[in-house]
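Note sheet for the following structure.
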Amino acid sequence: MDFEVTYTPEQEAFRAEVRGWLSENIPADLTQPVDPADLTLEQYHKLRELGRRLGAKGWLYPTYPQAYGGGDLAVDVVMILEEELDRYGLHLPPYYDSGGRLGGASIFVWGTEEQKQHFLPPIFRGEWRTWQLLSEPNAGSDLAGVQTRAVRDGDSYVINGQKIYIGSLYGCEMMWTIVVTDPEAPRHHNLGWLMIPYDLPGIEVRPMELLTAGGEGGASPGLKHTIFFDNVRVPAFNLVGGENNGWQVATTHLELEHGGGGIVRRNRIVDQFLEYCTTTKHNGATLSRNPDVRDDMVDVYVKSEINRLFGLRTYWLSHAHRPRSYEGPQGSYYRKITALEIAETMLRALGPYAMTNDPQWGPLQGLLEHYQRAAVVGLHPGGTTDIQKVVMSRRIGIGRAAKEQAGRLR
Amino acid sequence: MDLGLTEAQEILKTAAADFVRQEYDKDTLIALENTPTGVTPELFRQVAALGWLGILIPESYGGTDRSLTDTAVLFEELGRGPVLGPHFSSSVLGALIVLLGGTEDQKQELLPGVAQGTTVLGVAVTEPNYGWIPDTVQMPASRQPDQYVLSGTKLFVHDAQAATHLLCAARTAPPDNGSGSGISFFVVKANSPGVAIRTLPGWMSQVDEIRFDNVRVPAANVLGDTPGNGWDILEAASMGAIPVLCAYQVGSCQAVVDMAVAYSRTRHQFSQPIGRFQRVQDHIIGAVNHLDAARWTTYEALWKLDSGRDARSSVHLAKAVTSEAYLKVCAGGHEVHAGVGVMREYGLILHTQRSRTLYHCLGDARYHRRRLADALGW
Ligand SMILES: Cc1cc2nc3c(=O)[nH]c(=O)nc-3n(C[C@H](O)[C@H](O)[C@H](O)COP(=O)(O)OP(=O)(O)OC[C@H]3O[C@@H](n4cnc5c(N)ncnc54)[C@H](O)[C@@H]3O)c2cc1C
C-alpha cells in the first residue's frame, strides 16, 4: 500500500508551472472571509475571473476531456493543482459552483453529444456558474417526491413550482433541476432533469435567512434562496437523459453529493484549533497542558484522522476506478456527525470563547464561532445523516441479498 | 498512491483465509477457547509448515523476512477466526523483541525454532500493579556472580502456557538510577525450576499468571548486551507488533460485521428481515464505521513503518481506534443477534471475549490516546 502520491519529475515540473501561474493570476488582495456570508461582490468577481482563467487552461474541471473544456489531466496531476490552490485557501472551483461540479458530471454521463457540446464547455471553462435545484418544501430527503411540474408544449417545457435551500450569493448563469414530467408514471419513472437559464421570465429568487449556509463540500455558498417558477418556458433541448429518465441522471450527482468522489484535503479548522490550543495560554498555562483540553484535542484529532482516511480511501477508489459501494455515504455520514461532535468538543475545550467572533475576544478571527454554526447546518445538505445511512444499508445489503450499486461517475 | 494489496499479499490473504476456513471451523474454535494454549500441536505444526511462524524473521534465521504489512495481512485472516494460540506472542512480539534486543547468539538460538514452531516465546511484562509504563515492572532480578535470581509474579501474560521460553521483564536497577529504565529482559525456559504457570479463570482465554520462585537464570540469558535497556527494546518491538495486533482485530471486526449482515437477511420478525428495521441498520452501520476506522488507521501505520517514516503517532492512533472498535463492533453484533448471539455454539461470544481480552494488551485505548498527544508534541 502507499498512502501518499509520489510525483515524477514531469509532475514536479507541472507543480512548478502551476505555482508560477497561480502567483501571477491570483490577485494579491484576494482574501476569503471567515464567514462566507461576508464575501463582497468585488471579491466574488475576482474569484470568477480566476475561474475563467483556470478554465481557459483546462484547470477548472481538469479531469474532463479537453473537447468539453476540461484538461484531460490525470488524478495525480489534479492533486498537484488542488494542493497548490490549497496554499491560498482555495478549492477547485475557487467559488461556489456545486451545481457545475455535480450537474456537469451528470451531463457528461447522461447527455447527448449535442447537449454535451452545448452545456459542458461554458461550465468547465468557468463562464457559467450553476446552481442545483433539487429540494422543495415538501420534498427533502424524499427527493423523488418532488412536485414541480414541467409540461411539454411544442419545443418547450413550461415549469411551475417551488424549490428551496438553493444557490449562493450573487446569482448564477444556469440552474438545473428535477421536475415531474409525467404525473401518471410510477415513482422514479416520472421525472425529468432540466437545465434552466437563470434569467428567464417567470423566475423569482428570494433570499432565506439561515444560521449559516454551507456544508455542501467545496467553496461555501454564503446564502440560500427559495425559487419560484411561474410558467417558465424552457427549451425542450435542455432536458438531459431523455423523457422520464431524470432519476437515472440524478444517481450520478447524488453519488457525488453522498461523497462518492472522496476528498484528500486536511481539515484546516481542526489544524488551526489544535495549533491554537498549543500556543494559547489561559490562566498562565498553555491550553494543551490542561489534561481536559488535551483529551479534547486527542478526541478532535482522532476523528479528523478517520475522516481524512475515509476521504482518501474513497478518492482512491473512485480515481483508480475500483468498485465502490457504501464508502461515499460512509465518509459523508462520518464527516457530518463528527463535525458536530468536534464542534461540541471545541465548545467544551474553549468555553464561551468558542461562541464569539468579537474582533478582540473571538479565537482565530471568529473561525471557531463560525464552525459552531456550520457544523449544525452542515448536517443536512446533500442528504441528512439518516439518508446517508439509508444508502449505506442498501449498498452493504443489510436485510437484503441484492446489494444496491453505487451511481455511475463516468 | 495505491491503497490496494500487492499481488503477493493477495495470494497470502487467500491462502490464509482458506486455511482458517478449512482448519478452524466454528466448533474447533469453540472447543479450543478454554484450553490452556488455544491451539493443538497439529494445527500449530501446520501453520509452521506454511512458513507463517517465521514471516517476520530474516532468512538468515530461518524465516521468510516479509514486511509488517504482509504480516498484518496474514494476521487479519487469523483474526477472522478468531484463531487463538501463541502466533502473535511468539512470532510477532516475541520475535521482534529478540530481533531488536538480542545478541547474535541469542537470535541464532531462538529465532530458527520460532520459525519452525519448536520454540514458542511468551512475553511476560505486566504484574499485579498492571500497566504498560516502566514503573509498573517491579519484579527484581538479583545479581549473583554468574546468574540472576528472579522472584515475583507476572500477571495477565498472554500465551505463557504455550511458551517454551519466556521473555521476562525484570528490574536489574531501580527506576531512578539513571541507567535507562533499569528493566532487562531475561530468556527463561518455561520449564525452569521455580516457574509456575497458571491459566487465569474467568471470561478470558490464554491469559496467565506466572510465579517465579527463586528462579535461577544464567547471566548469559539477559537479552542483549546492555542490561537495563529492556523497556527501550519493548517500545521498539511494540511499534512493529502493535499494528499487527490491530490487523488481527480488524479481521475480527470484519468477521463480526459479516455475521451481523448475514443474520440481518435471514432472521425474520414482523414478517420481514430484521435488516429492514433502521435501528438494526444503525447497529450494523456503527460497526462498519468502527471497522473501517480501525482498518485504515492500522494500514496507514503499517505503511509508514514499512516505508521508514516516523510512525509513532500513527501506531498510537491505530491502537487507540482499534481496541475500541473491536469492543464496539461486538456490542453492535450482540444488538443485532439478540438471544442467539449469546449462545455458546453460535460463535459470536468468542469474539466478544477476545475484544475484551485484547483490549489492554500492549496498552489500552486511553493509554495510547495519551501517548498520541505526546507523540504529536502537544
Ligand atoms: C445549508 C443548506 C444547503 C442546501 N443546499 C441545497 C442546494 O443547493 N440544493 C438543493 O436542492 N437542496 C439544498 N439543501 C436541502 C437539503 O438537501 C435538504 O435539507 C435535505 O435533503 C433534507 O431535507 P429536509 O430538510 O426537507 O428534511 P426532511 O427530509 O423533512 O427530514 C426530516 C427528518 O426526517 C428524517 N428522514 C427523512 N426520510 C427518512 C428516511 N427514509 N429514513 C430515516 N429518516 C428519514 C431526516 O433524516 C430528518 O431527520 C440545502 C440544505 C441546507 C441546510
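In what follows, every chain begins at residue 1, and chains take the letters A, B, ... in the order their sequences are listed. From a predicted model like this one, the values you see are computed outputs, not experimental measurements.
In this structure, B:W296 and A:F3 have perpendicular ring planes: the angle between them is above 60°, well past the 30° mark.
Atom CH2 of residue B:W378 and atom CZ of residue A:R289 lie 11.5 Å apart, to the nearest 0.5 angstrom. How far CZ of B:R369 is from CZ of A:R294: 13.0 Å, rounded to the nearest 0.5 Å. Separation of atoms NZ (A:K389) and CD1 (B:I284) is listed at 12.0 Å; rounding is to 0.5 Å. The distance from the OH atom of A:Y326 to the CD1 atom of B:I285 is 10.5 Å, given to the nearest 0.5 Å. Taking CG from B:L3 and CZ from A:R313, the interatomic distance works out to 9.5 Å, rounded to the nearest 0.5 Å. Separating the CD1 atom in A:I306 from the NE2 atom in B:H290 is a distance of 8.5 Å, to the nearest 0.5 Å.
Closest of all the heavy-atom pairs between A:M392 and B:V288 is CE-CG1, 4.4 Å. Nearest heavy atom pair, residue A:Y315 against residue B:M1, reads CD2-CE, 3.8 Å. Shown here for B:V261 and A:G397, the closest heavy-atom pair between the two residues is CG1-O, 3.8 Å. B:N289 and A:F310 make their closest contact through O-CZ, 3.8 Å (heavy atoms, listed as atom of the first residue, atom of the second, distance).
A salt bridge is defined here as a Lys NZ or Arg NE, NH1 or NH2 lying under 4.0 Å from an Asp or Glu carboxylate O, and B:R366 with A:D295 fails to meet this definition.
Residue-environment remark: OH (B:Y130) exceeds the threshold of 12 foreign heavy atoms within 6.0 Å. More than 12 heavy atoms of other residues, nucleotides or ligands shown are found within 6.0 angstrom of CD on B:Q272. Around NZ of A:K403, the count of heavy atoms belonging to other residues, nucleotides or ligands within 6.0 Å does not exceed 12. Atom CD of A:E341 is surrounded by more than 12 heavy atoms from other residues, nucleotides or ligands within 6.0 Å. Within a 6.0 Å sphere centred on CD of A:E4, other residues, nucleotides and ligands contribute more than 12 heavy atoms. No more than 12 heavy atoms of other residues, nucleotides or ligands sit less than 6.0 Å from atom CZ of B:R279.
In this structure, the portions of B:E300 lying under 4.5 Å from any heavy atom of chain A include both its backbone and its side chain. In this structure, the portion of B:L317 lying under 4.5 Å from any heavy atom of chain A is its side chain and not its backbone. B:L376 touches chain A through its side chain: at least one heavy atom from C-beta onward sits under 4.5 Å away, while N, CA, C and O do not. The part of A:L274 that comes within reach of chain B is its side chain, from C-beta onward, which places non-hydrogen atoms under 4.5 angstrom from that chain. Both the backbone and the side chain of A:D299 have a heavy atom closer than 4.5 Å to some heavy atom of chain B. For chain B, the nearby part of A:T278 is the side chain; its heavy atoms alone come within less than 4.5 Å. When heavy atoms are compared at a cutoff of 4.5 Å, B:D258 does not approach chain A at all.
Proximity of a side-chain donor or acceptor of B:R276 to a complementary backbone N or O of A:G399 within less than 3.5 Å is detected.
No side-chain heavy atom of B:D2 sits less than 4.5 Å from a side-chain heavy atom of A:M1.
Of the residues considered (A:T6, A:V390, A:L317, A:I396), A:I396 shows the highest number of contacts with chain B, using heavy-atom pairs under 4.5 Å. Contact tally against chain A (heavy-atom pairs below 4.5 Å) for B:D292, B:V321, B:V280, B:I274: the top residue is B:D292. In terms of non-hydrogen atom pairs under 4.5 Å with chain B, the most contact-rich of A:M297, A:E305, A:R308 is A:M297.
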